[in-house]
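Single-structure report; data block below.
In what follows, chains are A, B, ... by sequence order, proteins preceding strands, each numbered from 1.
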2 protein chains.
Amino acid sequence: MSEADHNTEHEILEAAKKVFIRKGLDGARMQEIADEAGINKALLHYYFRTKEKLFESIFTQVLQGFAPCIVAIMTSDLPLFTKIESFADTYIDLLLENPYVPNFLVNENNRNPERFVNMLKGQGVNPNILRDQIKREVEAGIICDITVENLMVNLVSLCVFPFAARNIFCSMFGQNEEEYNMFIRNRKKEIPKLIIGSLQPRPNKPHDSVA
Amino acid sequence: MSEADHNTEHEILEAAKKVFIRKGLDGARMQEIADEAGINKALLHYYFRTKEKLFESIFTQVLQGFAPCIVAIMTSDLPLFTKIESFADTYIDLLLENPYVPNFLVNENNRNPERFVNMLKGQGVNPNILRDQIKREVEAGIICDITVENLMVNLVSLCVFPFAARNIFCSMFGQNEEEYNMFIRNRKKEIPKLIIGSLQPRPNKPHDSVA
DNA sequence: AACTGGTTTAACCATATGGTTAAACTAAAT
DNA sequence: ATTTAGTTTAACCATATGGTTAAACCAGTT
């Protein structure tokens, strides 16, 4: 029997991920995780001594799933516009596969900010490379000026928030799950269009007067 | 002695708001709320029989604090650009005064979507008026076409998400609290600029080809 | 046959927590 | 002086929950 097969640890991690992401640390019950994994509480504690340890595993696992995407846009050496398009595309795909993760992360970010910040430091997220790229492209006349901070916050907000506020928007617009997913898939193109449009260099002034 | 003075109920509500917003329904302890209100648990239950009831009060109170802003942009008859500017300005001010509310709402939205949806229905949020306005302004050549959904999601995402992900961005950019607040205040102008810029009608095509 | 590690069962413990209760106290109202 | 609403104190209850434990079970291994 291959190890990956009856690998109970893996089952537990999958189950814990599901439960923790949906209910958070406080809301999750060890019993529920055991049930979800198809085992019993004793065995659950046999593998992961405490709830905290189990949560820690899930948290880092989830975070590491989302880090590469962010690191890529921060560090790769593609042209900025390409990066933006690629980020929106892959990030939204990732989110569509893990729609509850934004809530989970926002929640944990609230409950235990230190853990979050410490975890991030280990991921090598450094805005300076992107800052330099922006500077270079501004000087080359490819884009008009913007801060890394505004660019990143705009991009991430537009991609992530529609997931965090899914129900709110859904009910606000009277959409069902599938319609909303379609709407979000559509945004894979809308978001870059919006941001890249705002970065188009203007002949004279950095901002146009409202007609 | 005026009622508003020793008004214990008010004290309790303030305390509960603080605790619930920071820790959520699951994380909040009745004892903690009592302490925060400077009273004891017995009296707390004397005023609000159950945790649920108390939470309900806080939840509706918080939601109603944020509804008017949304309703205004959906229903008032100002020109669209004015609305957008006004929304970003007043909404971000409101958020700066209640920085933990986005987390609270996202959290609750996750934990109990039904409550959220039901609550929203009572607030008279109806996108059709705004939809009509957009249609009119498109036909008048004031703006280029966009769906209400995309406009609202963009606007709200850009305003709210920087609060929900405060620590993440803060640590990502090495900013302290005050710098980040400044950054956000700055976005009161940046966000309308971005969105209004994208709505500027183009002479021929609805989207420009990348230079 | 004996051993081994993973697994189950089921009881159990300590603690936290939401909620209740009764008795006493205080201060204002009558 | 009595009443009354608000408040405190402190004990108490029921339950949920994280975590432990011991004994038995079962499948492969030796």
Atom-pair distance ([atom1] on [X]; [atom2] on [N]), nearest Å:
X       : N      : atom1 : atom2 : value
A:Leu43 : D:dA24 : CG    : C1'   : 15 Å
A:Lys53 : D:dG18 : NZ    : P     : 17 Å
B:Ile39 : C:dG19 : CD1   : C1'   : 14 Å
B:Ile12 : D:dT7  : CD1   : P     : 8 Å
A:Lys41 : D:dT17 : NZ    : P     : 10 Å
A:Leu25 : D:dT17 : CG    : C1'   : 13 Å
B:Leu44 : C:dT17 : CG    : C1'   : 13 Å
A:Asp26 : D:dT17 : CG    : P     : 12 Å

Query raised in the report: Just checking B:Ala28: base, sugar-phosphate only, or nothing, at a heavy-atom cut-off of under 4.0 Å?
Result: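 If one applies the 4.0 Å heavy-atom cut-off, B:Ala28 turns out to touch the sugar-phosphate alone, with no base involved.
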Query raised in the report: Looking across every strand, which nucleic acid part, if any, lies under 4.0 Å from A:Tyr47 by heavy atom: base, sugar-phosphate, or nothing?
Result: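 If one applies the 4.0 Å heavy-atom cut-off, A:Tyr47 turns out to touch the sugar-phosphate alone, with no base involved.
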Query raised in the report: Within a reach of under 6.0 Å around CZ of B:Phe183, are more than 12 heavy atoms found that belong to other residues, nucleotides or ligands?
Result: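 Yes, the 6.0 Å shell around CZ holds more than 12 heavy atoms from other groups.
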**Report entry** Contact under 4.0 Å: B:Asn40 side-chain N or O vs D:dT9 OP1/OP2
**Finding:**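 So the side-chain polar atoms of B:Asn40 never come under 4.0 Å of the phosphate oxygens OP1 or OP2 of D:dT9.
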Query raised in the report: Taking only N and O in the side chain of A:Thr8, is any of them less than 4.0 Å away from OP1 or OP2 of C:dT7?
Result: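 So the side chain of A:Thr8 is within the cut-off, an N or O lying under 4.0 Å from OP1 or OP2 of C:dT7.
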**Report entry** Closest nucleotide among C:dG18, D:dG19, D:dT9 to the B:Ala42 side chain
**Finding:**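 Looking only at heavy atoms from C-beta outward on B:Ala42, the closest nucleotide is D:dT9.
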Report task. With the side chain of A:Tyr46 defined as its heavy atoms from C-beta on, choose the nearest nucleotide among C:dG6, D:dT9, D:dT17. Result ->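 Within the option list, the nearest is C:dG6.
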**Report entry** Proximity of B:Phe87 and B:Tyr91 rings by center, below 6.0 Å
**Finding:**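 Under 6.0 Å, so yes.
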Query - Centroid separation A:Phe116 to A:Phe59 less than 6.0 Å - result: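 Judged by ring-centre distance (under 6.0 Å), A:Phe116 and A:Phe59 do meet the cut-off.
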Query raised in the report: Starting at the 5' end of DNA chain D, which residue's closest nucleotide do you reach first, A:Arg49 or A:Arg29?
Result: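 Checking each residue's closest nucleotide, the 5'-ward one belongs to A:Arg29.
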Query raised in the report: Do the rings of A:Tyr180 and A:Phe169 sit parallel, tilted or perpendicular, given the 30° and 60° boundaries?
Result: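 Because their plane-to-plane angle is under 30°, the rings of A:Tyr180 and A:Phe169 count as parallel.
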Query raised in the report: Per the atom types in the model, does the base of C:dG19 pair as donor or acceptor with the side chain of B:Lys51 at under 3.5 Å?
Result: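 No such pair is found, so the answer is no.
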Query raised in the report: Any luck finding a side-chain donor-acceptor pair between A:Asn118 and A:Arg115 under 3.5 Å?
Result: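 On atom types as modelled, these side chains do not qualify, holding no pair under 3.5 Å.
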